[in-house]
Undergrad: 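Below you'll find the structure I mean.
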Amino acid sequence: MNEEKINMAEEVKPPVSFIEQIIIDDIEAGKNGGRIHTRFPPEPNGYLHIGHAKAICLDFGMAQKYGGKCNLRFDDTNPVKEDVEYIDSIKEDIKWLGFDWEDREYYASDYFGKLYDFAVDLIKRGLAYIDDQPADIISSQKGTPSQPGIESPYRNRSVSESLSLFERMNKGEFDEGSRVLRAKIDMTSPNMQMRDPIIYRIIKSAHHRTGEIWKVYPMYDFAHGQSDYFEGITHSLCTLEFEVHRPLYDWLVDQLKTNDYRPRQIEFNRLNLTYTMMSKRKLLELVQESKVSGWDDPRMPTLCGLRRRGYTPGSIRKFVDLIGYTKVEAINDVSLLEHAVREDLNICAPRVFAVLNPLKVIITNYPEGKTENVELINNPEDESMGKREIPFSREVFIEQDDFMENPPHKFFRLAPGMEVRLKGAYIVKCTGYKKDESGDIIEIYCNYDPTTKSGESGSERKVKGTLHWVSAPHAVDAEVRLYDRLFNHDDPAGQKDDDYRSFLNPGSLKILKHCKVEPSLVSASPLDKFQFQRLGYFCVDYDSTKEHLVFNRTVSLKDTWAKIHK
Ligand code: ATP
Ligand code: MG
């Protein structure tokens, strides 16, 4: 991937996008009576991903901001690939993102009757014909952008013959692929889309909503603009690949419209993200080939995956707002998304103590059997989140890498003879340690200074390092899943000769089964979010139970307070 194409956070963004400017101008000009009506048109053939979030935030966001409406319209014109499972998940994800289509849940299939009638009308007006040639011949006759296409031998067949064939196609008299309905536009048009595009094809599978009624189904281009027209859409916002379809969109609506109103298609750049891919087909392959655990695997760029990973709807909306809408294709840096979620969780996630790789510390001068509570602030960013008490005792766990036998200069954690503060509790000094037969350190011995309890007189004594910890007898076992990028290439699906599968990151999931967390976490529910202090942001996984806690790492912390003394 060309580095220059990766959008960085510093990019200057205009105050309103070019699309918003068009909307403002249209309202000022009183176009469509000042009405703003958009739609979000997912095809129910997969789960929504973060790219769709960009479209959703625009479609619903503009309607919301300018007192308009946004319809949810399922583009269900291909009965073969579509499924009710996807419809349900799409609705759930849009709601989760914070948007509402109210009672306007529509389906392109609602319009199959009207679309069929419109096709018949086009045939009658000499603007459409049945072509008996197979698809490969039709496409070979299309020509190239610099070479005009060849007219089909069926182009000038009689209206009555096309009408009767179309009717028979829909009765199921012909095989799939044996005939199509084409719009009669211009085989010499410089725009390939206008060279007599196919508008109806035969499909003999049952449709999830209309069942066996139809044997012919409209192509996307034939259904989309017309559905916009039927619903009174004013601004039909879509991604840049549809720019070349716009003349066809307009041509078809022009044949249909009966007054001045016409929906306007406006295209913007897709969202692409580094180290992942946005194609639903390829994401489905990952699921089907078990390269991930499902559509909601926390490594997936799907909205349900991001949700399970611990992303908040606010962080996704913030990210989408940061990158903005332009006409320039680019790849956005995933670190900008991570930045957005860090900022959000910093404000809303309570701080807790969790030790991922535990090492036991025995405070030899602390009374055996004694437990005392120490008080900790839940979120220094938000006093209203209050304080909590956690137990402290003679034995605590710290992170293995917070101790070194032979530390380098400037190692401000624990080492023989060194002092650290156990956050919220006391200053302790390392007096010794024990190794097992293989030379691994298994226990640390410390003395504590009873005059240094946090929050009490004497607590001002400063030491350079502060560690998080969990009291050993009170600690709760937990499994923690650490996620890394799913791919080790910044544009895995964009490499000509390589399969994206060859870029799968073998280290994208690391499971730690023997973590220790503070007891307050026992009552946490799935999707609850926390900052594990000094480690990152984590959320409770759906697999978690009171008996077996499971956390997902959303994102690591940029800064740790290991080196900053408190
Ligand atoms: P496919 O992966 O099969 O090409 P799609 O991603 O285009 O499908 P649709 O369900 O047709 O999926 O998309 C619904 C809407 O979301 C469309 O308006 C589309 O333009 C928009 N959309 C899809 N992908 C992105 C993306 N990466 N960035 C912004 N908008 C997107
Ligand atoms: Mg699409």
Side-chain angles (χ1 to χ4, degrees), residues 7 17 19 38-63 70-78 80-83 85-91 93-94 97 99 101 105-109 218-221 223-225 227-228 231 233 235-246 249 263-287 295 300-306 316-317 319-332 334 336-337 491-494 500:
N7 273 351
S17 70
I19 294 181
T38 57
R39 86 287 167 266
F40 173 63
E43 184 178 354
N45 62 350
Y47 282 65
L48 296 183
H49 52 58
I50 186 151
H52 294 110
K54 177 171 175 173
I56 292 169
C57 289
L58 183 67
D59 293 327
F60 284 93
M62 287 296 101
C70 179
N71 295 355
L72 170 59
R73 184 198 313 139
F74 289 102
D75 168 28
D76 57 349
T77 47
N78 185 350
V80 184
K81 289 190 285 174
E82 293 151 10
D83 205 305
E85 173 195 352
Y86 299 134
I87 291 182
D88 294 341
S89 77
I90 288 170
K91 292 201 280 192
D93 289 346
I94 298 173
L97 263 188
F99 298 105
W101 55 93
E105 176 180 330
Y106 300 126
Y107 293 80
S109 56
M219 299 294 288
Y220 171 86
D221 280 319
H224 195 73
S227 303
D228 284 346
E231 291 176 14
I233 301 304
H235 298 80
S236 182
L237 313 174
C238 63
T239 35
L240 278 176
E241 69 271 23
F242 292 105
E243 196 162 21
V244 290
H245 295 241
R246 195 185 336 132
Y249 179 102
R264 173 174 176 190
Q265 176 181 305
I266 306 167
E267 310 86 16
F268 59 91
N269 59 340
R270 292 180 84 83
L271 167 61
N272 297 300
L273 261 194
T274 52
Y275 299 99
T276 189
M277 54 187 195
M278 293 293 152
S279 154
K280 277 191 281 191
R281 180 178 60 78
K282 289 176 185 161
L283 294 174
L284 176 62
E285 285 168 3
L286 290 178
V287 174
W295 283 100
M300 291 280 272
T302 49
L303 294 180
C304 55
L306 289 164
I316 293 173
R317 291 195 306 261
F319 167 70
V320 165
D321 187 53
L322 277 173
I323 59 172
Y325 300 85
T326 72
K327 286 270 189 191
V328 189
E329 286 291 9
I331 287 204
N332 294 100
V334 68
L336 191 55
L337 176 64
D491 187 14
Y500 66 85

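When a ligand or atom number is given, it counts from 1 through the structure's own listing order. Quick caveat, the model's predicted, so the values are computed rather than measured.
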Undergrad: Check for me whether His52 has a heavy atom closer than 4.0 Å to any atom of ligand 1.
TA: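 Flag set, His52 near ligand 1.
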Undergrad: Does Glu241 reach ligand 1, in the sense of a heavy atom lying below 4.0 Å from it?
TA: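 No, Glu241 has no heavy atom closer than 4.0 Å to ligand 1.
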Undergrad: Please check: side-chain N/O of Gln265 versus main-chain N/O of His245, any donor-acceptor pairing under 3.5 Å?
TA: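 Checking the backbone N and O of His245 against the side chain of Gln265, no donor-acceptor pair under 3.5 Å is found.
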Undergrad: Ring centres under 6.0 Å, that's the criterion: do Tyr106 and Phe74 meet it?
TA: no
Undergrad: Just going by heavy-atom distances, which of Ile90, Asp75, Asp59, Thr239 is nearest to atom 20 (O) of ligand 1?
TA: Thr239
Undergrad: So, is Phe268 polar-close to ligand 1, with some N/O to N/O distance under 3.5 Å?
TA: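 In fact, backbone or side chain, Phe268 has no N or O that close.
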Undergrad: Applying side-chain hydrogen bond (donor to acceptor under 3.5 Å, both in side chains) between Lys54 and each of Asp321, Asn269, Asn272, report the one that passes.
TA: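 Only one of Asp321, Asn269, Asn272 forms a side-chain hydrogen bond (donor to acceptor under 3.5 Å, both in side chains) with Lys54, namely Asn269.
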Undergrad: Looking only at side chains, do Tyr500 and Glu285 share a donor and an acceptor under 3.5 Å apart?
TA: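 There is such a pair between these side chains.
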Undergrad: Return the set of residues passing salt bridge (Lys or Arg N to Asp or Glu O under 4.0 Å) with Arg246 (not counting sequence neighbours), or none when no residue passes.
TA: Glu243, Glu267
Undergrad: Under 3.5 Å between any N/O of Ser279 and any N/O of ligand 1: does that happen in this structure?
TA: no
Undergrad: Below a 4.0 angstrom heavy-atom separation, can you tell me which part of His49, side chain or backbone, both or neither, approaches ligand 1?
TA: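 Just the side chain.
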Undergrad: Check ligand 1 against Ala55 and write out every atom of the ligand that is under 4.0 Å from a heavy-atom position of the residue.
TA: 16 (O), 21 (C), 30 (N)
Undergrad: Give me the ring orientation class for Phe40 and Phe60: parallel if the planes are under 30° apart, tilted from 30 to 60°, perpendicular past 60°.
TA: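 Ring orientation of Phe40 relative to Phe60: tilted.
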Undergrad: Based purely on interatomic distance, does Pro42 place a nitrogen or oxygen under 3.5 Å from a nitrogen or oxygen of ligand 1?
TA: no
Undergrad: Given 3.5 Å as the limit, does a donor-acceptor pair link the side chain of Arg317 with the main chain of Leu97, or not?
TA: yes
Undergrad: I need the atoms of ligand 1 closer than 4.0 Å to a non-hydrogen atom of Glu43, numbered in the order shown.
TA: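 Those of ligand 1 that fall under 4.0 Å from Glu43 are 9 (P), 10 (O).
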